[in-house]
Amino acid sequence: MYAITIREPGDPDVLEWAEVADPRPGPGEVLLDVAASAVNRADLLQRQGHYPPPPGASETIGLECSGTIAELGEGVEGWTIGDEVCALLSGGGYAEKAVVPAGQLLPVPGEIDLITAAALPEVACTVWANVVMHAKLAEGEVLLVHGGAGGIGTHAIQVGKALGATVAVTAGSADRLDRCRQLGADLAINYKDEDFVEVLKKETGGANVILDNMGASYLGRNVDALQQDGRLVIIGMQGGVKGEVNVGALLGKRASVFAAGLRFRPLDQKAAIVADVREGLWPLVSDGLVKPIVGQVVPMAEAASAHRALEEGSVFGKILLAAKS
């Protein structure tokens with residue numbers, strides 16, 4: 001098969017479409033003929049040599065894909081050859097074939113086409129695991145989503161609205177803020193010329209749940225933006241890895257700070273998240289209340305251009321890589 005390989009750590013030009021050995025499914029795994037994968041910020045870090053895959057995972061970049069089941073490993077039940085699925089991966093998505101544990105498979109929901117389904121697994125599992133399963137966002141609460149125009153953000157807006165929350169977002173341009181409003185955002189804040197803490201407190205009294213991709217640089221301000229019993233969930237480090245927090249403010253608000261990635265979770269935890277997504281979120285997707293937002297589709301062999309687009313911040317929603325033109 002062909003897959004994207006990394007010639008050496010570096011800029012997008014180190015990505016090459018090359019022939020590699022076909023993967024084989026082990027017990028409890030399935031082999032997929034990949035239709036498409038999607039580009040995530042973790043992929044950029046892996047390309048740069050900063051985010052190696054977990055032990056035993058494929059060295060090929062790609063944390064999600066869609067495709068058709070080509071082969072079942074020993075002991076796999078509930079799936080058949082030919083099923084159209086999308087999958088959460090620890091690696092291996094940028095390829096014509098991928099192996100995935102059966103517990104990380106999801107059926108393609110509703111009327112979503114097979115290519116577009118590649119936009120769902122990573123954002124769905126990340127948002128659902130953190131905002132719903134952990135932070136327990138409730139109807140009537142306020143959800144603040146940083147980076148509202150990205151793949152995670154566009155998905156979180158819709159999930160928040162579907163659950164009956166008031167949704168606030170930050171983004172860096174009027175156009176991107178307008179598009180967030182079109183997805184349902186109630187409050188759209190330009191982080192370049194507005195203080196999101198001040199605006200959020202004025203308009204809503206503060207957030208009950210914050211989904212944060214910035215990390216250190218927003219840590220103190222995020223705590224300031226929380227209401228009593230607020231929950232800050234950190235899923236990214238775009239703003240650095242070391243920050244200070246006022247513990248007194250946390251105590252006074254009875255607030256909590258939670259940080260969690262998805263890629264390095266044990267298989268049983270991933271399977272539990274996928275099962276909860278299928279039960280709780282997939283009906284919302286099938287009913288059209290939550291839709292995959294795709295800003296660009298490029299041939300997988302041109303993954304370098306997709307990486308550049310994500311780094312430039314020029315795409316609204318997800319960037320997909322189609323395995324076959």
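Judged purely by atom type and a 3.5 angstrom limit, Thr116 has no side-chain atom pairing as donor or acceptor with the backbone of Ile112. Side chain of Asp22 to backbone of Met1: a donor-acceptor contact under 3.5 angstrom is found. Put simply, the side chain of Ser66 gets close to the backbone of Leu114: a donor and an acceptor are under 3.5 Å apart. In this structure, the side chain of Gln104 does not engage the main chain of Lys270 through any donor-acceptor pair within 3.5 Å. Judged by distance alone, the side chain of Asp276 and the main-chain N or O of Ile273 form no donor-acceptor pair under 3.5 Å. Using a distance-only test at 3.5 Å, with no hydrogens or angles considered, no donor-acceptor pair links the side chain of Arg179 to the main chain of Asp175. The closest donor-acceptor contact from the side chain of Asn40 to the backbone of Ala42 lies at 3.5 Å or more, if one exists at all. Not a single donor-acceptor pair under 3.5 Å links the side chain of Arg176 to the backbone N or O of Ala171. Of the possible polar contacts, one joining the Thr154 side chain to the Gly151 backbone as a donor-acceptor pair under 3.5 Å is found. Judged by distance alone, the side chain of Glu302 and the main-chain N or O of Pro299 form no donor-acceptor pair under 3.5 Å.
Heavy atoms from other residues, nucleotides or ligands lying under 6.0 Å from CE of Met214 number more than 12. For Tyr51, the OH atom is densely surrounded, since the number of other residues' heavy atoms within 6.0 Å is greater than 12.
Atom SG of Cys65 sits about 9.5 Å away from atom CG of Leu88, to the nearest 0.5 Å. Taking CG from Asp224 and CZ from Phe196, the interatomic distance works out to 8.5 Å, rounded to the nearest 0.5 Å. The distance from atom CG of Leu226 to atom CG of Leu200, rounded to the nearest 0.5 Å, is 9.0 Å.
Remark: of the listed residues Arg231, Lys136, Gln227, Arg231 is the sole one forming a side chain to side chain donor-acceptor pair (under 3.5 Å) with Glu141. The one candidate from Arg308, Arg7, His307 that meets the side chain to side chain donor-acceptor pair (under 3.5 Å) condition with Asp13 is Arg308.
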Original post:
Between Glu71 and Arg24, does a salt bridge (charged side-chain N to carboxylate O under 4.0 Å, His left out) hold up when you go through it step by step?
Top reply: CA-CA 9 Å; Glu71 186 177 344; Arg24 304 297 305 171; 3.0 Å; yes
Subject >> Working for side-chain contact (heavy atoms from CB on, under 4.5 Å), residues Trp282 and Leu120 >> reply: CA-CA 10 Å; Trp282 247 222; Leu120 284 170; 4.0 Å; yes
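Salt bridge annotation for Lys253-Asp229: absent, with no cationic side-chain nitrogen under 4.0 angstrom from a carboxylate oxygen.
Under the 4.5 Å side-chain criterion, counting only non-hydrogen atoms from C-beta, Ser90 is not in contact with Pro53. The side-chain heavy atoms of Arg181 and Leu177, taken from C-beta on, include a pair separated by under 4.5 Å. Using a 4.5 Å heavy-atom threshold, the side chains of Val274 and Leu105 count as separate. Residues Pro107 and Trp79 are in side-chain contact: their nearest non-hydrogen atoms beyond the backbone lie under 4.5 Å apart. At a threshold of 4.5 Å between non-hydrogen side-chain atoms, the residues Trp17 and Glu96 count as touching.
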